[in-house]
Asks: 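Quick one: the structure is below, questions incoming.
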Amino acid sequence: MNTVQFIPSELSFSIEKATYKWQTPSNIALVKYWGKRDPQIPKNASISFTLNNCHTITSIDFVKKNTSSEINFELFFDGQKKEAFKPKIAQFFDRIKSYCPYIFEYDMTINSENSFPHSSGIASSASGLSAIAMCLLNLEKELNPKLSTAFINQKASFLARLGSGSASRSIEGPLVVWGNHPEIEGSSDLFGVKFAHKVHSIFENYQDAILLVDKGEKQVSSTIGHNLMHKHPFAEQRFLQANENLSELSEVLKNGDIDKFINIVESEALTLHAMMLTSNPYFILMKPNTLEIINAIWSFREETGSKICFTLDAGANVHVLYPENEKEKVNKFIAESLSKYCQNGQYIFDAVGFGAKKL
Ligand code: PMV
């Protein structure tokens, strides 16, 4: 795989001091990525909706150093120094250092905040790492003004992927594919690409209400989870299925067949959890209230003809997906019938978004 394109050749270290600030979103996968090989190469292609309201805002202050021997950074989260988060970011910098040699040249102070509550069970790695990647690319652009926006987005996604696979899908929007897929032109295992086709109007401004069922720390880290796919008895079949689901979903996104959309998306969510149920060691990441919500969504769909559906991440929270034209009806249903299953009644209304924003 050709990664040489991401190693900068012409950089002038003319900048002494600079600060860049970016807002980047979380995303929710419709076809899931679960299983990878080194270095962060997915076993199947995935596609996600980029979100809008759930995002990270990060600024990095760069100050030129006298010596360039090691990578040096400070990390603040919500204004507080966060030593606990440093190892993950240090590992990220270590993985990207050959693609971003300039990180040796500057002392970096990173200030980050999330729009969603910290331990809400909403993964912050996608938005967190994509925000750092955009700040780095902003510096790289200043050091080499010839870089195009297309290259910047591609390299930011490439870097973010090395931190957390799903972060590769948090640079652009509204739909991003990551992972090489024969029917998706330009798709790559190295970075996410925007879904290039005209999407049916029913999927425009699609709504995602995130029901916070369990706000605790993740029971299974995604590293452990992905590793469980190595000796998993159903792994190969699963990877094939995901790629087939992506082929079908890409047609559905174009032709607006919403019943098929519901079928693929819910099956993907349950299959992700089925992989955990059938791995060894095995895990149940759903909680009783996750199932209560799923059953309530199915009854509501049956009774009202609504096109509401759900998807899940590697946790107990439920993402409720529905078209914009059902917003009023479904938001009321969530408030009246689903919020009681959420921890402290908490949920977040979000919708599909368009990716990274410079602030
Ligand atoms: O990006 P990671 O390594 O945390 O993996 C996340 C995987 C899922 O969120 C469960 C699915 C996906 O495709 O986002």
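Everything numeric in this text was worked out from a predicted model, so none of it was measured. One-based numbering, in listed order, for ligands and for the atoms of each.
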Asks: Test your reading of the structure: does N27 have an N or O sitting under 3.5 Å from an N or O of ligand 1?
Replies: no
Asks: Applying a 4.0 Å heavy-atom criterion (strictly less than), which segment of K36 is in contact with ligand 1: side chain, backbone, both, or neither?
Replies: neither
Asks: Record the part of S166 in heavy-atom contact with ligand 1 below 4.0 Å; permitted values are side chain, backbone, both and neither.
Replies: both
Asks: Between H181, R169, E268, which is the residue that forms a side-chain hydrogen bond (donor to acceptor under 3.5 Å, both in side chains) with S46?
Replies: R169
Asks: Could you walk me through whether E140 and Y102 pass side chain to side chain donor-acceptor pair (under 3.5 Å), step by step?
Replies: CA-CA 8 Å; E140 188 171 328; Y102 43 84; 2.6 Å; yes
Asks: With heavy-atom distances below 4.0 Å as the criterion, list the atoms of ligand 1 near A29.
Replies: 12 (C), 13 (O), 14 (O)
Asks: Can you list the residues that meet the salt bridge (charged side-chain N to carboxylate O under 4.0 Å, His left out) rule with K17, with sequence neighbours excluded?
Replies: none
Asks: Might you confirm whether atom CG of L277 has over 12 heavy atoms from other residues, nucleotides or ligands at distances under 6.0 Å?
Replies: yes
Asks: Taking 4.0 angstrom as the limit and counting only heavy atoms of S164, give me the atoms of ligand 1 inside it, by number and element.
Replies: 1 (O), 2 (P), 4 (O)
Asks: Excluding sequence neighbours, so at least two apart, what forms salt bridge (charged side-chain N to carboxylate O under 4.0 Å, His left out) with E105?
Replies: none
Asks: Given F85, which of F76, F73, F77 fulfils the ring-ring contact (aromatic ring centres under 6.0 Å, His included) condition?
Replies: F77
Asks: Which of the atoms of ligand 1 are close to R169, meaning less than 4.0 Å from one of its heavy atoms?
Replies: 12 (C), 13 (O), 14 (O)
Asks: Is there a nitrogen or oxygen of D313 sitting under 3.5 Å from a nitrogen or oxygen of ligand 1?
Replies: yes
Asks: If the cut-off is 4.0 Å to any non-hydrogen atom of H226, which atoms of ligand 1 fall inside it?
Replies: 2 (P), 3 (O), 5 (O)
